[in-house]
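Atoms considered below: every heavy atom in the structure, side chains included; atoms not considered: hydrogens, waters and symmetry mates. Proteins get letters first, then strands, A, B, ... in listed order; numbering begins at 1 in each.
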Amino acid sequence: MKRSIATWMHKRPQVRLAALLAAPTLWLVVAYLGALGALLVTAFFTIDSFTGNVIAKFNLGNFHDMLTDPAYRNVVLRTLGIAISVTLICAIFAIPMAFFMAKIAKPKNQKILVALVLTPLWASYLVKIYAWRTMLEPRTGVMDWILGPIGIHSPGFGGPAIIIGLSYLWLPYMILPIYAGLERLPNSLLDASGDLGARNFYTFRRVILPLIFPSLVAGSMFTFSLTLGDYITAQIIGGKLQMLGNVVYQNFSINLPFAATIATIPVAIMAIYLWLVRRTGALASL
Amino acid sequence: MSLMGIGLAFIYVPLSVVVINSFNSSRTFSWPPSRFTTEWWGKAISNTGVRKALSWSLAAGLSATFIALLLGTSLAFAVSRYNFFGKDIISLLVVLPISLPGVVTGIALSNAFNQQIGLSTGLLTIVIGHATFCIVVVYNNALARLRRMGTSLQEASMDLGANGITTFRLITLPNLASALFAGGLLAFGLSFDEIVVTTFTAGPGIQTLPIWIYNNLFRPSQAPIVNVVAATLVVVSVIPIYLSQRLSQDSTSGGRF
């Protein structure tokens with residue numbers, strides 16, 4: 001019996017494929033994509049201001065409110081500014097670190113360094129932000145204790161704290177793709193550039209940077225997308241500052257359709273970003 | 001060299017502070033710690049709220065990992081061994097839950113549960129949410145291994161007269177096992193400390209460990225115990241990555257990319 005099932009299956013690759021695909025497709029397409037689709041539709045609904053129930057009637061009111069209210073425009077611009085700063089800081093830290101890991105460290109140490117950079121990627125997100133709360137606590141925090149003597153003080157809780165915290169969170173996401181890109185880059189290219197008289201910085205700007213550009217883009221997709229939706233960092237170390245995620249979170253329980261409308265912004269920004277990146281052709285060479 | 005050192009210090013100082021602080025004898029936050037104690041560890045272990053949260057986290061993590069293993073592995077088989085319509089789309093779709101902001105996934109699922117299906121939030125909805133973003137790590141680990149394995153071993157087994165089921169049991173599965181174990185560990189680690197999607201899918205009755213921390217973060221009286229739980233989460237997340245690194249040499253990122 002068992003044998004005959006095995007034989008029957010073996011002769012029918014289509015059936016095997018269908019059996020393999022059924023559950024994951026059902027889950028990802030119907031459950032996940034379906035939920036995202038339903039959220040998008042909800043963005044066009046309103047709520048009954050009396051009962052708080054969602055009224056399924058198509059209208060553009062939420063989008064109109066979102067685009068015309070200067071308060072929301074400020075939140076969008078502020079969040080974008082934070083996302084850009086975080087991405088730049090991550091890149092500034094990540095490029096030299098990845099370069100050291102891929103090209104300067106001995107092969108034996110390379111693996112250890114990768115593991116060292118990788119491990120905190122899996123450490124609890126909440127704990128990392130909590131850690132920065134103890135780091136940045138004004139006067140009694142760890143940062144004032146370490147850097148106070150050389151005249152650097154904690155910026156306190158607010159915009160700069162959010163930028164530090166988020167850069168910390170997403171740094172490994174930036175290091176790893178750049179490391180992978182640099183690892184693929186042959187050393188002979190760097191030697192050739194040097195032999196032809198280029199100084200280190202010139203080699204970096206004209207040889208390395210163009211070749212690792214796709215990796216930078218891959219890393220920035222994470223740093224950008226994750227920053228646009230974050231609300232917990234702002235709640236814990238942001239003081240009174242609000243990001244897009246906070247607006248979504250606050251509206252979630254009182255006005256779900258409006259929360260859905262706001263949630264389309266990070267998705268839309270990411271879609272535009274992906275489209276721009278596609279046009280530069282960086283994705284094709286990833 | 002020095003930049004690497006500064007970078008690593010930037011990565012590790014905050015995490016070490018959390019671990020050291022869990023032994024800080026001071027009841028309120030004070031740095032540097034004047035004396036060290038293990039008192040808070042004892043108190044945290046006997047704290048009923050923490051214990052309950054731990055059991056919810058374990059239940060959610062184990063169930064989500066189980067589902068992710070089933071779905072991720074079958075998807076990896078389909079993508080590595082067959083050609084089909086929509087293959088590119090499905091391999092993009094599997095990454096989407098961890099590349100979109102958690103708040104989007106969270107409210108989308110919550111909206112679907114509450115408004116569309118009428119499923120009340122609880123452990124089941126947490127598990128569905130977690131499994132959705134855990135599939136990708138199992139999938140990536142399994143896919144990398146399947147690609148490296150090739151099909152020649154299976155073909156040899158079938159040529160020698162084994163049927164599909166026997167080949168799977170004696171050849172494919174043992175070769176795949178360590179990649180699946182690594183993927184499963186990472187999926188569990190991902191689920192164990194997730195907070196955003198959990199916040200939206202948990203409903204009022206259930207606290208996982210991260211949610212417990214979050215709810216007690218601004219209560220000064222609970223600060224020492226929060227430190228202990230936070231330190232535990234750091235240590236627990238380091239073990240899976242260490243083990244999975246040793247088990248699977250397929251990728252540097254452990255399948256998160």
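Ring planes of Phe200(B) and Tyr231(A): perpendicular class, angle over 60° (limits at 30 and 60°).
Your options are Phe77(B), Phe84(B), Tyr139(B), Phe192(B), and the one with the most heavy-atom pairs under 4.5 Å with chain A is Phe84(B). When each of Val235(B), Ile89(B), Ile67(B), Val229(B) is scored by its heavy-atom pairs under 4.5 Å with chain A, the top score falls to Ile67(B). Counting heavy-atom pairs under 4.5 Å between each of Leu70(B), Leu217(B), Ile213(B) and chain A puts Leu217(B) at the top. Heavy-atom pairs under 4.5 Å with chain A were tallied for Pro210(B), Gly189(B), Gly102(B), Pro97(B); the largest tally goes to Pro97(B). Among Gly129(B), Pro14(B), Ala231(B), Ala76(B), the residue making the largest number of heavy-atom pairs under 4.5 Å with chain A is Pro14(B). Between chain B and the options Ser225(A), Ala259(A), Ala263(A), Ala131(A), heavy-atom pairs under 4.5 Å are most frequent for Ser225(A). Among Ala94(A), Gly245(A), Ala38(A), the residue making the largest number of heavy-atom pairs under 4.5 Å with chain B is Ala38(A). Most heavy-atom pairs under 4.5 Å with chain A, from the set Thr105(B), Val234(B), Ile11(B): that is Ile11(B).
Between Gln235(A) and Phe218(B), the closest heavy-atom pair is O-CZ, 3.9 Å. Leu17(A) and Ala78(B) get closest at one heavy-atom pair: CD1-CB, 3.9 Å. Listed here is the closest heavy atom pair of Ile232(A) and Val196(B): CD1-CG2, 4.0 Å.
Between Asn21(B) and Thr134(A), the closest side-chain pair of non-hydrogen atoms falls below 4.5 Å.
For Ile128(B), the parts sitting under 4.5 Å from any heavy atom of chain A are the backbone and the side chain alike. Proximity to chain A involves both the backbone and the side chain of Val104(B), based on heavy atoms less than 4.5 angstrom apart. Residue Ile236(A) touches chain B through both its backbone and its side chain, counting heavy-atom pairs closer than 4.5 Å. Neither the backbone nor the side chain of Ser253(A) comes within less than 4.5 Å of any heavy atom of chain B. Proximity to chain B involves both the backbone and the side chain of Leu28(A), based on heavy atoms less than 4.5 angstrom apart. In this structure, the portions of Val94(B) lying under 4.5 Å from any heavy atom of chain A include both its backbone and its side chain. For Met270(A), no part lies near chain B; criterion is any non-hydrogen pair under 4.5 Å. For chain B, the nearby part of Leu33(A) is the side chain; its heavy atoms alone come within less than 4.5 Å. Using a 4.5 Å cut-off between heavy atoms, Leu93(B) touches chain A through backbone and side chain atoms alike. Only the side chain of Leu171(A) comes within less than 4.5 Å of a heavy atom of chain B; its backbone N, CA, C and O stay farther away.
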Check your understanding: Can Tyr249(A) and Thr199(B) be said to form a side-chain contact (heavy atoms from CB on, under 4.5 Å), step by step?
Key -> CA-CA 10 Å; Tyr249(A) 180 70; Thr199(B) 306; 4.1 Å; yes
Practice item. Walk me through it: do Leu15(B) and Tyr168(A) pass the test side-chain contact (heavy atoms from CB on, under 4.5 Å)? Key: CA-CA 11 Å; Leu15(B) 289 178; Tyr168(A) 179 75; 3.4 Å; yes
Exercise for review: Would you sort out whether Val117(A) and Leu8(B) count as a side-chain contact (heavy atoms from CB on, under 4.5 Å), showing the intermediate values?
Suggested key: CA-CA 7 Å; Val117(A) 166; Leu8(B) 285 178; 4.2 Å; yes
Exercise for review: Decide side-chain contact (heavy atoms from CB on, under 4.5 Å) for Tyr82(B) and Arg16(A); before the verdict, give the C-alpha distance in whole Å, the side-chain angles of both, and the deciding distance to 0.1 Å.
Suggested key: CA-CA 10 Å; Tyr82(B) 300 91; Arg16(A) 274 182 290 154; 3.4 Å; yes
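Between Leu75(B) atom CG and Leu21(A) atom CG the span is 6.5 Å, to the nearest 0.5 Å. Between atom CG of residue Leu20(A) and atom OG1 of residue Thr73(B) there is a gap of 10.0 Å, rounded to the nearest 0.5 Å. Atom-to-atom distance recorded for Leu233(B):CG and Lys128(A):NZ is 11.5 Å, nearest 0.5 angstrom. The line from CG of Leu226(A) to CG of Leu100(B) is 9.5 Å long, rounded to the nearest 0.5 Å. The distance from the CG atom of Leu96(B) to the OH atom of Tyr32(A) is 4.5 Å, given to the nearest 0.5 Å. Between the CZ atom of Phe10(B) and the CD1 atom of Ile89(A) there is a distance of 8.0 Å, given to the nearest 0.5 Å.
Summarising the local packing, CZ of Phe44(A) is surrounded by more than 12 heavy atoms from other residues, nucleotides or ligands at distances under 6.0 Å. Heavy atoms from other residues, nucleotides or ligands lying under 6.0 Å from CG of Leu170(B) number more than 12.
Residues of residues 106-113 of chain B placed with any heavy atom under 4.5 Å of a heavy atom in chain A are listed by number as Ile107(B), Ala108(B), Leu109(B), Ser110(B), Asn111(B), Ala112(B).
In this structure, Tyr12(B) contributes its side chain and Leu116(A) its backbone to a donor-acceptor pair below 3.5 Å.
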